[in-house]
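To keep things clear, I will list the structure first and then write my remarks on it.
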Amino acid sequence: MAKPQRPTTAIGKTADYLDQRTTIGVLVKELARKVFPDHWSFMLGEIALFSFVVLIASGFFLTMFFEPSMALVRYEGEHPANLHGQLMSAAFASTVEMSFEVRGGLLMRQIHHWSALIFVGSIVLHMFRIFFTGAFRKPREINWLIGLTMLILALAAGFTGYSLPDDVLSGNGLRIIDGVVKSIPVIGSFMSFLVFGGEFPGHHIIPRLFTLHIFVIPGLLIALIGLHLFLMVLQKHTQYPGAGRTDKNVVGYPAAPVYVAKMTGNFFIIAGVLTLMGATMAINNVWNYGPYDPSPVSAGTQPDWYILFVDGALRLMPGPGWEWVIGGYTLSMNLLIPALIVPGILFTLLGAWPFIEARVTGDHREHHVLDRPRNRPVRTGVGVALFVAFMVCSLAATNDLIATHFSLDIFAITWALRVLLFVGPVFAFWVTKRVCLGLQRKDRELVLHGHESGRIVRFANGEYVEVHTPLEEDERWLRVNYQSPAPLEIAPLTDARGVRRKGYKSDRRWQRLSQFFYEDRVSPVTPAELAAAHSHGKHDEIEKHDEMEAVTPTGAGTAVGQRDGG
């Protein structure tokens, strides 16, 4: 019996050594054969992942020079000159020294900040893509919850890092957080003392935020990213609808060598773009704001874009009239509603959405082919409505800048945005739903009658009709291969003996919600409808005429072909 051939190269020997002791070759082989579909939107997740890698690398550099202390020091640096000799916290002083005295410090700070913005932005866009296409359906509900948790952690990471320099802007942000925490009924004041280590601002908040920012939150994010990728590899990859694509296959390219090469190239492109942004686009120049002092609150200051909606909601909320004193406790609804209740409802709704949709649809099958947004009008409308609400709140966070730049009354702007916050999302939902239904009807028309060709045919009786070009099989498949769920049907209130059925009220509520989702719907074309549309007399005559044209000399027939009805 011949001996098995052993590898001769150093890499081969190393791989063979590891494989014999860990059987890692089986895992590598399985991963290398994993098929990934090819679509640009799948890169949004890669952008988030690679931005996080750049965040970790640049954050490691910054950690070596930042001093997380609120002890007062006198700044002795030469740059910037306006800060020389001023008293400030050690955290602010080390941030300024890092920017002006450490070689590459300002570049790393700006790369880190831009990476954070792109990281959160790519997560939001990635989750929008998942939401609009229904990629959260079974068996990916757990991965949807993991992604939502990662978004919340990314927001927390951004806020804790944003607050570390201890400048006027970040200090005012912490002051708002202090007010929100204190607005929690009964325990608010005690929680504020616990968080800040005493009366705001205390002497412990920066070290605590530093620990959260560099240790706790990144550790949780790394663990969740690993779990997210594990589940993605374990399950089939989702794919967009198209010819030959079903829930039982994946059409694409293998991970190795195609996607390994693509992902490697994408990483260097993303890292290069972030480096270029950090080198050429100034951001968070804390020396322009100065060290934190509770007395000045400057106008025209806003947090990073992903916190704008909370700041805007706080500005839109009416003031003292929404504060109530109950049993000696002040209930500040003007802070609780925009800062805690509304975001809490939003994230709870997003987390529960996959289960709500499965319940109102009555569909518990596995789904690996994505939806076209037009085929789920209510879901698409809700997504657009949430986006409009976010934009209105973001505009509200800049109401002072809008007032100064356009010479408008800030109170008029605030009232207009208050009205728009309620009217805008509803109007956006209605328009989006109608557009989706209109696109579905257009798909039906195309499948049944084909594309307009501009060719006019005259029949023997003098009638003119336009000849439509039938759809190709791939295009027809895209427009008919989807399901249009009907509203739920439930058992009647009473059984055959007239006894009231338990659970009817609950079933009726779910039925009403299902009617909201699917009462207005356009069913896809069935094979019978397609056959009927293509078998009526005029089509038969056109087909016979086309056959005659193929054997009749030009000009001998009775048909007249024209372009664009001319």
Side-chain angles (χ1 to χ4, degrees), residues 55 58-102 105-106 108-117 155-182 192-218 282-304 306-307 310-311:
L55 266 174
S58 57
F60 179 77
F61 177 90
L62 299 177
T63 302
M64 294 187 291
F65 301 98
F66 180 73
E67 185 177 351
S69 172
M70 299 183 71
L72 287 179
V73 298
R74 193 171 297 278
Y75 183 69
E76 301 295 342
E78 297 181 1
H79 302 285
N82 63 310
L83 294 180
H84 182 78
Q86 285 194 30
L87 280 176
M88 59 187 65
S89 67
F92 185 83
S94 64
T95 303
V96 176
E97 288 176 357
M98 185 193 311
S99 303
F100 289 96
E101 306 297 335
V102 176
L106 181 58
M108 284 296 180
R109 276 193 63 233
Q110 297 192 153
I111 290 176
H112 191 72
H113 204 119
W114 280 118
S115 299
L117 298 181
L155 297 178
F159 181 79
T160 53
Y162 175 85
S163 304
L164 288 179
D166 198 32
D167 60 304
V168 169
L169 192 59
S170 63
N172 287 332
L174 283 174
R175 188 52 159 165
I176 294 174
I177 293 299
D178 176 56
V180 171
V181 172
K182 287 180 176 176
S192 174
F193 272 68
L194 178 65
V195 170
F196 291 94
E199 189 64 45
F200 177 87
H203 299 283
H204 304 287
I205 188 62
I206 296 299
R208 292 175 179 178
L209 291 177
F210 183 73
T211 302
L212 290 172
H213 185 69
I214 72 163
F215 180 71
V216 178
I217 297 176
I283 189 170
N284 198 27
N285 297 328
V286 295
W287 51 90
N288 290 333
Y289 306 117
Y292 178 62
D293 182 349
S295 57
V297 178
S298 57
T301 58
Q302 285 81 29
D304 287 333
Y306 47 85
I307 304 295
V310 178
D311 191 7

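- Screening F210, F61, F92 for a ring-ring contact (aromatic ring centres under 6.0 Å, His included) involving F66 leaves a single residue, F210.
- Between P80 and N288, every side-chain heavy-atom pair lies at or beyond the 4.5 Å cut-off.
- In this structure, N284 CG and L106 CG are separated by 10.5 Å, a value rounded to the nearest 0.5 Å.
- Contact of the V286 side chain with the L169 side chain is not registered, since no non-hydrogen atoms from C-beta on lie closer than 4.5 Å.
- Of all heavy-atom pairs spanning Y75 and L83, the tightest one is CD2-O, 3.5 Å.
- At least one side-chain heavy atom of N285 sits under 4.5 Å from a side-chain heavy atom of Q110.
- Between H112 and L55 there is a side-chain heavy-atom pair separated by less than 4.5 Å.
- When atom types are taken as modelled, the side chain of D178 and the backbone of L174 share no donor-acceptor pair closer than 3.5 angstrom.
- In plain terms, the two heavy atoms of V168 and D293 that are nearest each other are CG2-N, 4.4 Å.
- Side-chain contact check for D167 versus S170: some heavy-atom pair is nearer than 4.5 Å.
- H204 contributes no side-chain N or O that, together with a main-chain N or O of F196, makes up a donor-acceptor pair within less than 3.5 Å.
- Side-chain contact between L117 and Y306: present, with at least one pair of heavy atoms (C-beta onward) separated by less than 4.5 Å.
- A salt bridge does not link E97 to R109: none of the charged side-chain nitrogens sits closer than 4.0 Å to a carboxylate oxygen.
- The two residues P201 and M70 come nearest to each other via the heavy atoms O-CE, 4.2 Å.
- In terms of heavy atoms, S192 sits closest to V181 at N-CG1, 3.6 Å.
- The two residues I111 and S58 make their nearest non-hydrogen contact at CG2-CB, 4.4 Å.
- Between L87 and P291, the shortest heavy-atom contact is O-CG, 4.0 Å.
- Here K182 contributes atom NZ and I177 contributes atom CD1; the two are 13.0 Å apart, rounded to the nearest 0.5 Å.
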